[in-house]
Amino acid sequence: MTASVTLPKSRQRLILAVLLLSSLLIWIDNTILATALETLANPVRGLGANPAQLQWASGSYTLVFAALMFTAGALGDRFGHRSVLATGLAVFAVASVWASYAADPAQLIAARAVMGVGSALIMPATMATVTWTFTGPARATAIGLFSTSAGVGLAAGPLLAGVLLDHFWWGSVFLVNVPVVVIALLGIASFVPNFRSPTPRPLDLIGLALSVSGLAALAYGLIRAGQVAAWTPVQVWAPIAGGVALLAAFVVVELRSAQPSFDPRLLAERVFGGGNAALGLLFLAMTASGFYSAFYLQGARGFSPLAAGLINSPAALGVIVGGPLGVRLVRRWGLRPVTATALTVGALCMGSIVFFGLDTPIVWNVVLSGLQGFSIGMVIGSVTSALMSTLPLERAGAGSAVTNTVRQTGSVLGIAIGGTIMAITYRNGIRASVDTLPDAAREPAQVSAEQARHVAATIARPDLAHAADHAFIHAMHVGSLWTMGFALAGALVLAATLRPAKLSEPRATRPAPRVDDAPQPVH
């Protein structure tokens, strides 16, 4: 039936609390995995995963998340966003248990992909419910709280992971998701109406198949490039070319669709397209730089997971502070000068890692981490709000799907490209030090610094561990320059495409949604 979406303020607050908890779960899980990468690579304490397997453990989740999100929005329109949100949380919990008890890297990769399905169902349903529940300034405030919750998740994830890894086995970092899901499901059942669009979008199964297969093939080729000594047509170039072709076919299909789930036409608009391109490059750079952070602090520097989480926590605090401040500065000085400058500062922070070594005072890591998070927080919240304000409200759902998909695609490419650059540079750097080793020791030592240290301890070769540390540091330096380049490219895109703009409310109004249960006051 069609019902008014006017809800008592008490119930609106309860709905928002439940939705924030659901969103927080996703952000915490992302940062928890980043902190656990070093442990998962350890052959004794973890799964002995090689860099490619760790890339896929991160990338399988992000890939499915990116490709399924716009289809999940259409499912919410059709079956109700509460139903889809609850289903996503249940899938996420089951997959978390599977990941906790994975016996090998392959099982972990599969479980993470299923967790990506859950996250893809959660995110669009959460934002759609916020859109239907709140109006006017209350909606802007609610959306702003989601940016804050992202910062809280980024801050809490590494600390929580550090505590768990210091006291329990690695699987505990995934198992902790389950009680959070149980609380969120109880809140959904008690407070959240089942909003449905009065005009459901059709399910885009062809687009879904093309996007998933295209991103998977492209990521496979890029990750495979870091594993092989020579880039052969079959192992590297064919999957990359095939992935690009499938993604191009996906764009063509969406352009020909009367009601596309992912509307490429929006990217042709200068401000919306340029802002999304910059965000995609930023997320690519962030993910690539984050991939080696845990290995630097826990592996090369020898800090515990908890200490590493504390060292990186200023980045999350910077995001929390920078987001609201960025919005205020944009209102005063304009979008382009504030965000382009902030992203340039963030890029230079990423590039400054080139000066870090095995004995660099850790205070510099803390300072740069906070400054980078502060700069990035100013960019993400301000640019996202401004992009959505350029669209009429009836296109806000399509715009949100495009923006979220571009972000996650940038993350997928960041994992693939960043990890591959590190793997190639490390392998070239360690080669001279492992030439005299027997095959059984040489092959794992060339895979990663973590495995090289394990081999060094096994055969009593401290010089090999020393060489692995230096090869890793060199690879990190090369990777930091690449990530800086990607972020600077994003700053240039912002400077070229964004006009001076003020943040405003989306135009037009949206028809009342259908709800399966009429809202009742909560006492």
Side-chain angles (χ1 to χ4, degrees), residues 27 30-31 34 147-148 150-151 153-155 157-158 274-294 296-297 311-330 333-356 363-387 403 406-408 410-411 413-415 417-418 421 476-498:
W27 288 105
N30 282 339
T31 51
S147 298
T148 302
L154 291 172
N276 273 289
L279 287 177
L281 288 166
L282 172 57
F283 273 76
L284 190 159
M286 287 169 52
T287 308
S289 63
F291 192 76
Y292 56 69
S293 177
Y296 171 67
L297 293 174
I311 292 168
N312 281 329
S313 60
L317 297 176
V319 171
I320 295 173
V321 174
L325 180 60
V327 173
R328 292 182 181 179
L329 292 177
V330 166
W333 301 106
L335 183 64
R336 178 164 50 185
V338 171
T339 57
T341 302
L343 186 48
T344 300
V345 172
L348 294 176
C349 290
M350 295 178 189
S352 297
I353 301 300
V354 75
F355 299 110
F356 282 30
V363 65
W364 289 112
N365 194 291
V366 173
V367 171
L368 280 175
S369 176
L371 182 58
Q372 179 178 315
F374 178 75
S375 303
I376 289 172
M378 292 181 67
V379 175
I380 294 176
S382 300
V383 172
T384 302
S385 297
L387 296 186
T403 298
V406 169
R407 287 184 182 187
Q408 296 303 322
S411 297
L413 296 178
I415 293 167
I417 295 172
I421 291 171
M476 184 180 72
H477 290 168
V478 173
S480 69
L481 293 176
W482 277 92
T483 56
M484 180 180 68
F486 289 126
L488 284 176
L492 288 173
V493 171
L494 288 178
T497 60
L498 296 188

Open item on the list: As a test of understanding, state which of Leu343, Val319, Leu329 forms a side chain to side chain contact (heavy atoms under 4.5 Å, CB included) with Met378.
Closed with: Leu329
Restricting to non-hydrogen atoms, name the atom on [X] and the atom on [Y] that form the minimum distance, rounded to 0.1 Å.
X: Leu281; Y: Phe486; value: CB-O, 3.7 Å
X: Gly274; Y: Thr497; value: CA-OG1, 3.5 Å
X: Ser375; Y: Ala342; value: CB-O, 3.2 Å
X: Ile421; Y: Gly479; value: CG2-CA, 4.2 Å
X: Ile353; Y: Ser480; value: CB-CB, 3.7 Å
X: Thr287; Y: Phe283; value: OG1-O, 2.7 Å

As an exercise, state the distance from [atom1] of [X] to [atom2] of [Y], rounded to the nearest 0.5 Å.
X: Leu368; Y: Phe356; atom1: CG; atom2: CZ; value: 4.5 Å
X: Leu494; Y: Leu335; atom1: CG; atom2: CG; value: 7.5 Å
X: Thr483; Y: Ile417; atom1: OG1; atom2: CD1; value: 11.5 Å

Open item on the list: Ile376: which residues meet the side-chain contact (heavy atoms from CB on, under 4.5 Å) condition with it, sequence neighbours left out?
Closed with: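 Listed in chain order: Leu282, Met286, Met350, Gln372, Ile380.
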Got [X] and [Y] here, is their nearest side-chain heavy-atom distance under 4.5 Å?
X: Asn312; Y: Asn365; result: yes
X: Leu325; Y: Phe374; result: yes
X: Met484; Y: Leu348; result: yes

TODO: Look only at the side chain of Ser369 and the backbone of Ala315, and say whether a donor-acceptor pair between them is shorter than 3.5 Å.
DONE: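 At least one qualifying donor-acceptor pair exists.
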